[in-house]
J.: 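I have a structure I would like to understand better, so I am pasting it below and will then ask my questions one at a time.
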Amino acid sequence: MPTPHIAAAPGDFAPAVLMPGDPRRAQRIAEQLMPDARLVNDVRGMLGYTGTVDGKPLSVMGSGMGQPSATIYATELFREYGVQRIIRVGTAGGISPKVKVGDVLVGLGAHTDSAMNQHRIPGINFSAVASFELAEAAVRAAREQGIDRYHVGTIVSRDHFYLKVPGQTEALGAYGVLGVEMEAAALYGVAAELGRQALTVLTVSDHLLDGSQDMSAEERETTFQGALSLAVAAALSE
Ligand SMILES: O=P(O)(O)O[C@H]1O[C@H](CO)[C@@H](O)[C@H]1O
Ligand SMILES: O=c1cc[nH]c(=O)[nH]1
């Protein structure tokens, strides 16, 4: 059963996996949510844990940064470990003027400048969309938990973190794009390919068009809790 990138035994992963980009964040999430968490993968330092939350099995594993890395882990988890749903939980740069640092974004759809989905369906520009059921569960949880600073809509998954195409961010903002990150479009592509569910829930860590809002490293950790609780609710939803 071990894959080229995951050395876990059959049954080591729960049907639902939370997937932050950072493997150390996967460790912190596992420690926070699951006193019974056990390490199930550490190949390449991409830490993966499985335990239970309120008696329900849950796994947490890093994806690494960028769409190729996220695609490798999502494909192996779906294909080889029977995973049914992956909820990416991470950070984003704000783009829409409506969005403030610390807000939570639920990524219903992900535009991309990447070629990762370009050749999936011959002659077609693939639409990278989240699972409606998971998005609905996350929004329900936001309402129930009184988290009011959340937005549901499109995000953009860019390959470059630093290279900026002149005018692109402003144009994305004009189309109502909420924020930028680097994995969702590919994750949604893999889920569509393999008939599984995926969602992305993000904390806005900085704003690309309003630098005055940026957060300290400590603030990033504390404000991460809202996105995490929505991601857990989606992961464990019926
Ligand atoms: O906070 P995470 O989940 O790592 O996500 C964002 O942060 C990384 C860039 O700093 C990229 O992976 C981007 O998608
Ligand atoms: O600006 C940002 C912040 C988080 N993640 C990104 O990809 N970009």
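Atoms within a ligand are numbered from 1 in the order they appear, just like the ligands themselves. Sequential numbering from 1 along the given sequence is applied to the chain's residues.
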J.: Could you tell me whether a side-chain N or O of Lys164 sits under 3.5 Å from a main-chain N or O of Phe161, the two making a donor and an acceptor?
T.: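 Checked: pair present.
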J.: Run through Ile29, Val83, Ile6 and flag the one making a side-chain contact (heavy atoms from CB on, under 4.5 Å) with Met61.
T.: Ile6
J.: Look only at interatomic distance and state if Asp206 has a nitrogen or oxygen under 3.5 Å from any nitrogen or oxygen of ligand 2.
T.: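 Yes: some nitrogen or oxygen of Asp206 is under 3.5 Å from one in ligand 2.
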J.: If you measure from the Lys or Arg side-chain nitrogens to the Asp or Glu carboxylate oxygens, is any gap between Asp12 and Arg38 under 4.0 Å?
T.: yes
J.: Which of these passes side-chain contact (heavy atoms from CB on, under 4.5 Å) with His151: Leu105, Leu202, Leu108, Val106?
T.: Leu105
J.: Could an N or O of ligand 1 be found under 3.5 Å from any N or O of Thr91, whether backbone or side chain?
T.: yes
J.: For atom 8 (C) of ligand 1, what is the closest protein heavy atom, and at what distance to 0.1 Å?
T.: Met65 SD, 3.7 Å
J.: Mind checking whether Met182 has an N or O less than 3.5 Å away from an N or O of ligand 1?
T.: yes
J.: Can Lys56 and Glu238 be said to form a salt bridge (Lys or Arg N to Asp or Glu O under 4.0 Å), step by step?
T.: CA-CA 11 Å; Lys56 295 184 180 176; Glu238 297 298 327; 3.2 Å; yes
J.: Can you tell which of Glu181, Met116, Met182 makes a side-chain contact (heavy atoms from CB on, under 4.5 Å) with Ser157?
T.: Glu181
J.: For atom 14 (O) of ligand 1, grab the closest protein heavy atom and report residue, atom and distance to one decimal in Å.
T.: Glu183 OE1, 2.6 Å
J.: Would you mind telling me if ligand 2 is within reach of the side chain of Ala92, the backbone, both or neither, using heavy atoms under 4.0 Å?
T.: backbone
J.: My understanding is that we take every heavy atom of each candidate and find the minimum distance to atom 7 (O) of ligand 2. Doing that for Arg158, Met182, His160, which one comes out nearest?
T.: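 It is Met182 whose heavy atom sits nearest to atom 7 (O) of ligand 2.
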J.: Which of the atoms of ligand 2 are close to Leu208, meaning less than 4.0 Å from one of its heavy atoms?
T.: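 That gives atoms 1 (O) of ligand 2.
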J.: Among all protein non-hydrogen atoms, which one is nearest to atom 5 (O) of ligand 1, and what is the separation to 0.1 Å?
T.: Arg88 NH2, 3.0 Å
J.: For ligand 1, which atoms, with element, lie under 4.0 Å from some heavy atom of Glu181?
T.: 14 (O)
J.: Out of the candidates Arg85, Glu133, Arg140, only one should pair with Ser237 under the side chain to side chain donor-acceptor pair (under 3.5 Å) rule; please name it.
T.: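 Output: one option passes, namely Arg85.
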J.: Can you check whether Ser63's main-chain N or O pairs, donor with acceptor, with Ser69's side chain at less than 3.5 Å?
T.: yes
J.: Would you mind running through ligand 1 and noting each atom that sits below 4.0 Å from a heavy atom of Gly90?
T.: 1 (O), 3 (O)
J.: Consider side-chain contact (heavy atoms from CB on, under 4.5 Å). Of Leu199, Leu187, Thr200, Val190, which one does Ile86 pass it with?
T.: Leu187
J.: Relative to the heavy atoms of Ser205, which atoms of ligand 2 are at a distance of less than 4.0 Å?
T.: 3 (C), 4 (C)
J.: For atom 4 (O) of ligand 1, what is the closest protein heavy atom, and at what distance to 0.1 Å?
T.: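 Ranking protein heavy atoms by distance from atom 4 (O) of ligand 1, first comes Gly21 CA, 3.6 Å.
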J.: Polar-atom distance check: Phe161 versus ligand 1, any N or O pair below 3.5 Å?
T.: no
